[in-house]
Student: 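Structure provided below as structure tokens; questions to follow.
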Amino acid sequence: MFSIAIDGPAGAGKSSIARAVSKKLGIIYLDTGALYRALGYYFLEKKISIEDSLQVENIINDCDIKLLYNVAKGQQIFINGKRVDRFIRSNEVSMAASIISKNYVVRQHLLKIQKDFAKKSSVVMDGRDIGTVILPDANLKIFLTASLEVRAKRRFEQFLRNGYNIEFEEVLNDIKKRDLNDSKRKISPLKIADDAVVIDTSKLSLKESVEKVISLVKKIDLEEHC
Ligand code: DC
């Protein structure tokens, strides 16, 4: 079994790079942010006050979250039997995910799903605490970063491509808020694992970033693990 942990702030390029790397290596890609987003979406739908940790903790036990993976369809997330993937990419859900991810009970709820996933197959996983908490023994740990402006611009263009009507300033401010939430929270904050390789993608194309990661993978003896 082989695992690659990719962490970093919003807009650093984690999911595009992780997806491309997983394709090149022929292993699974797991986007862990989607699990937090799915719960954020669920709480918003249920009109639960996401800042109220007691309410969140009370309702989470009723929430059966399932992660399925299929080579053709990729990752699919179900909450109480309803597939939620296409509802979780809005800015509102991004903020909700960042807020609830501070909660210990929420993190515990999602911890086992993520750890179990990596036990079954070789994987590229991206998130905020993959190298530090979920896969502390990952074969390769990468911390992706980029300047705030570049990250906000990437997210803004992604929203436009996906048909969301949003102002650049709103995206920029929300990324600032999420950076603060995600890196200053007490439990499993976003931070660089001691043994992670830091890659700044501000001036790199997707292809260049993927090549950098693949060159790091090549330095590891893949045969031994796959
Ligand atoms: O990667 P993303 O932007 O889809 O993540 C959404 C939020 O989920 C992020 O702001 C913080 C939270 N998250 C987390 O706390 N831990 C992870 N491993 C992944 C995401």
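Atoms within each ligand, like the ligands themselves, are counted from 1 in listed order. Please read all numbers here as calculations on a predicted model, not as lab measurements.
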Student: Without swapping roles, check the side chain of R37 against the backbone of A97 for a donor-acceptor pair under 3.5 Å.
Tutor: no
Student: If the cut-off is 4.0 Å to any non-hydrogen atom of G127, which atoms of ligand 1 fall inside it?
Tutor: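 Selected atoms, number and element: 17 (C), 18 (N), 19 (C).
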Student: To the nearest 0.1 Å, how far is atom 19 (C) of ligand 1 from its closest protein heavy atom, and which atom is that?
Tutor: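 In this structure, atom 19 (C) of ligand 1 has T32 OG1, 3.4 Å as its nearest protein heavy atom.
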Student: Heavy-atom contacts under 4.0 Å between R178 and ligand 1: side chain, backbone, both, or neither?
Tutor: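 The side chain, only.
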Student: Can an N or O of R185 be found at a distance shorter than 3.5 Å from an N or O of ligand 1?
Tutor: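 In this structure, R185 places an N or O atom under 3.5 Å from an N or O of ligand 1.
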Student: Could you check whether E157 pairs with R161 (Lys NZ or Arg NE/NH1/NH2 to Asp/Glu carboxylate O, under 4.0 Å)?
Tutor: no
Student: Could you tell me whether some N/O pair between R107 and ligand 1 is separated by less than 3.5 angstrom?
Tutor: yes
Student: Considering non-hydrogen atoms of the protein only, which is the closest contact for atom 13 (N) of ligand 1, and what is the distance?
Tutor: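 Result: Y36 CD1, 3.6 Å.
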Student: Could you name the option among D182, D129, V106 that has the heavy atom nearest to atom 18 (N) of ligand 1?
Tutor: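 Closest candidate by heavy-atom distance is D129.
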Student: Check this for me - ligand 1, Q114, N or O atoms closer than 3.5 angstrom, yes or no?
Tutor: no
Student: I'd like to know if K176 pairs up with D179 as an ion pair, taking the criterion as any Lys NZ or Arg NE/NH1/NH2 lying under 4.0 Å from an Asp or Glu carboxylate oxygen.
Tutor: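 Not counted as a salt bridge, because no side-chain N and carboxylate O are separated by less than 4.0 Å.
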Student: If you count the atoms of ligand 1 from 1 in the order shown, which ones are under 4.0 Å from a heavy atom of S101?
Tutor: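 Within the 4.0 Å cut-off of S101, ligand 1 contributes 11 (C), 12 (C), 15 (O).
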Student: Can you find an N or O of S94 that's nearer than 3.5 Å to an N or O of ligand 1?
Tutor: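 Not met; the criterion fails.
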Student: For D62, is there any backbone N or O sitting under 3.5 Å from a side-chain donor or acceptor partner on N80?
Tutor: yes
Student: Strictly by modelled atom types, are N70 and Q76 linked by a side-chain donor-acceptor pair under 3.5 Å?
Tutor: no
Student: Is K141 reaching over with its side chain to a backbone N or O of D7, donor-acceptor style, under 3.5 angstrom?
Tutor: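 Pair absent, no side-chain N/O of K141 close to backbone of D7.
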Student: Salt bridge check: are D174 and R155 linked by an N-O gap of less than 4.0 Å?
Tutor: no
Student: Any atoms of ligand 1 less than 4.0 Å from a non-hydrogen atom of S98? List them with their elements.
Tutor: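 Under 4.0 Å from S98, ligand 1 has these atoms: 10 (O).
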Student: Does ligand 1 come near enough to R37 that some N or O of the ligand is less than 3.5 Å from an N or O of the residue?
Tutor: yes
Student: So does S202 get a backbone contact from the side chain of D200, meaning a donor-acceptor N/O pair under 3.5 Å?
Tutor: yes
Student: Which residue supplies the protein heavy atom nearest to atom 1 (O) of ligand 1, what is that atom called, and how far is it?
Tutor: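 Nearest neighbour among protein heavy atoms for atom 1 (O) of ligand 1, to 0.1 Å: R128 NH1, 2.9 Å.
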Student: Is it the case that more than 12 heavy atoms not belonging to D194 sit under 6.0 Å from its CG atom?
Tutor: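 Not buried by this count: 12 neighbours or fewer within 6.0 Å.
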Student: Have a look at ligand 1 and work out which part of K177, if any, has a heavy atom under 4.0 Å from it: side chain, backbone, both or neither.
Tutor: neither
